[in-house]
Amino acid sequence: MSFSHKILDWYHTHKRELPWRETRDPYKIWLSEIMLQQTRVAQGMPYYHRFLEAFPMVHDLAEAQEEKVLKLWQGLGYYSRARNLHATAKMVVEQFGGKFPHTYKELKSLKGVGDYTASAIASFCFDVPEPVVDGNVYRVLARYFGVDLPINSPSGIKYFKELAREVMDAEQIRDYNQGIMEFGAIQCAPKKPYCLLCPLNEGCVALKENKVDSLPIKNNKTKVRVRHFNYLVYLDIHNNTLLEQRKGKGIWQNLYQFPLVESEKEMNPDEMEHYLKSEGNPQLLDMAIPYNPDPIIHKLSHQHLHTKFWIVKTSDILEEGTAWEEVTQFPVPVLIADFIRTLKI
DNA sequence: AATCCGGGGGC
DNA sequence: GCCCCAGGATT
C-alpha cells in the first residue's frame, strides 16, 4: 500500500472530530486556519467558538471595530493575525463580493494567508489538489523519507513542498491533507512517538536508521532580548487611570497598556522619582510605589520582559483617564491583563 | 537568509 | 529550561 493510502487509512480510524472538519464553509475554515497558526488546537478552540458567536458571517467581522476583534483575540498571541484577519474580512466583502476566492493564488493574496493557509483553504473547501506543509508534515516527511535538510532553510522548504506534492493523493486531497497533519500531531509526535505500533514503521527511514529523535532538522536557535519595562498605573481620587495604545512596529501593535517607561536595567524608587521629576510630570509631588518589588518576567519568543508595575496615586484629576472598572474592556497583552486581575482597589 | 511576532503546554 | 505548536510578514 502506498504512503498516501496508509495515511488515509490511519486517518479514517484515528481522526479527532473538530468543528472545522464538519464544514466546507470557507469562512469557518479560514478562521480556524488563521487561529491555529503556531497555536495548539486546544488553545485555539475556545477562541474559534467565541469568534463565530460574535461574527457569524464574514460580513459581521468586516463591519466590526478593530478594537473588538483584538479584544476577542486577547491571549492568543501573534496579534498581527487578528489585524490581518480583520483586513481580509473587509477585502473579501469589498473585493470578492463576500465570497472567498477558490484558487490558491487568489487565496494567497489575502493578508495573513501564506503558502500553508492558502493550500489548506483551497483543498479543504474546494478540493484543489495542493499539498499542505505545516510543522506536522515536515516531521512526517523528514522521518519517513529520511530527509535531513533544515526545514527552515529556503532549499529545505522548497524540497519538502515538492516531496509533499509527489506523495499526496490528489483525488482525496481534503482527507489526505487533514490526515497527514493529524498523523503528525497524534502518531508521529515530536517527542517519543510510539513507533512500535505505527502503521508506517515498515518503510520509515528514520526508524530504520535510528534518526527518529534527530529529525526533522531545524537550525537557528532564537536568541532572547532582555528588556526592562516599568508601567505607571496612575490612580486619581475617582479611581481613573491612564491607558495608551501601542503604535508603530514591535510587539503588541494596537493593544493598550499603562504608560510605559523602558529602562536599560531595573529601576529603583529613587530612579523612578528622579525620572518623573525630570519629565516634568504634574504629579511630581506624588509617589510612585512599586507594586511588585521583584520584576515579573514575562516571556515571549524573542524577548524576556522584566516588568515592574508602579502605583502612582495622583492628586490630579485625570480628565482624559479611564475608569478602573472599564479597563477590562480594552484589548491588552496577557502581561497587563494578569496585573489588572490581581490588583485590588 | 535572518529576524520578528505571543502565549501556552509538555517533559 | 527547552522545544513545539494546522506560519506569515518584513528586512
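So that the names make sense, note that chain A is the first sequence line, chain B the second, and so on, each numbered from 1. All values reported here derive from a predicted model rather than from experimental measurement.
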- prompt: Counting only heavy atoms not in A:N219, do more than 12 sit closer than 6.0 Å to its CG atom?
  reply: yes
- prompt: 5'-most contact on DNA chain C: A:L110 or A:E33, nearest heavy atom basis?
  reply: A:E33
message: Is the distance from the ring center of A:F330 to that of A:Y256 below 6.0 Å?
response: yes
Could you list the donor-acceptor pairs under 3.5 angstrom formed by side chains in residues 320-328 of chain A, with sequence neighbours left out?
none

task: Identify the 5'-most and 3'-most nucleotides of DNA chain C with at least one atom closer than 4.0 Å to a non-hydrogen atom of chain A.
output: C:dG1 to C:dT11
message: Let me confirm one number: the CG-OG1 distance from A:L335 to A:T307, rounded to the nearest 0.5 Å.
response: 4.5 Å
- line: Scoring nucleotides 6-11 of chain B by protein non-hydrogen atoms under 4.0 Å (B base, S sugar-phosphate only, - none) yields BBBBB-
- request: Starting from the 5' end of DNA chain C, give me the residue, A:V41 or A:N84, whose nearest nucleotide shows up first.
  value: A:V41
- line: Stem ranges of DNA chain B by first residue number, counting only runs of at least 3 Watson-Crick or G-U pairs under 3.5 Å, come to B:1-5 with C:7-11, B:7-11 with C:1-5
- request: Kindly write out the residues that satisfy side-chain hydrogen bond (donor to acceptor under 3.5 Å, both in side chains) with A:Y27, not counting sequence neighbours, or none if the list is empty.
  value: none
task: In whole angstrom, give me the gap between the P atoms of C:dA6 and B:dC4.
output: 24 Å
message: Rounding to an integer number of Å, can you tell me how far A:N219 CG sits from B:dT3 C1'?
response: 13 Å
field: Separation of the P atoms in C:dT11 and B:dG6, to the nearest angstrom
entry: 15 Å
- prompt: Distance-only, no hydrogens or angles: does the A:E262 side chain make a donor-acceptor pair with backbone N or O of A:R227 under 3.5 Å?
  reply: no
- prompt: Are A:Y291 and A:F339 an aromatic pair by the rule of ring centers under 6.0 Å?
  reply: yes
Inter-residue atom distance A:E202.CD - A:K208.NZ, 0.5 Å rounding: 9.0 Å
- prompt: Between A:R50 and A:Y47, is NZ or CZ placed under 6.0 angstrom from the six-membered ring centre and within 45° of the ring axis?
  reply: yes
message: Test of understanding: with salt bridge (Lys or Arg N to Asp or Glu O under 4.0 Å), list the residues that count as partners of A:D169, not counting sequence neighbours.
response: none
field: Point-to-point distance, once rounded to the nearest 0.5 Å, from CZ of A:F124 to CD of A:E130
entry: 12.5 Å
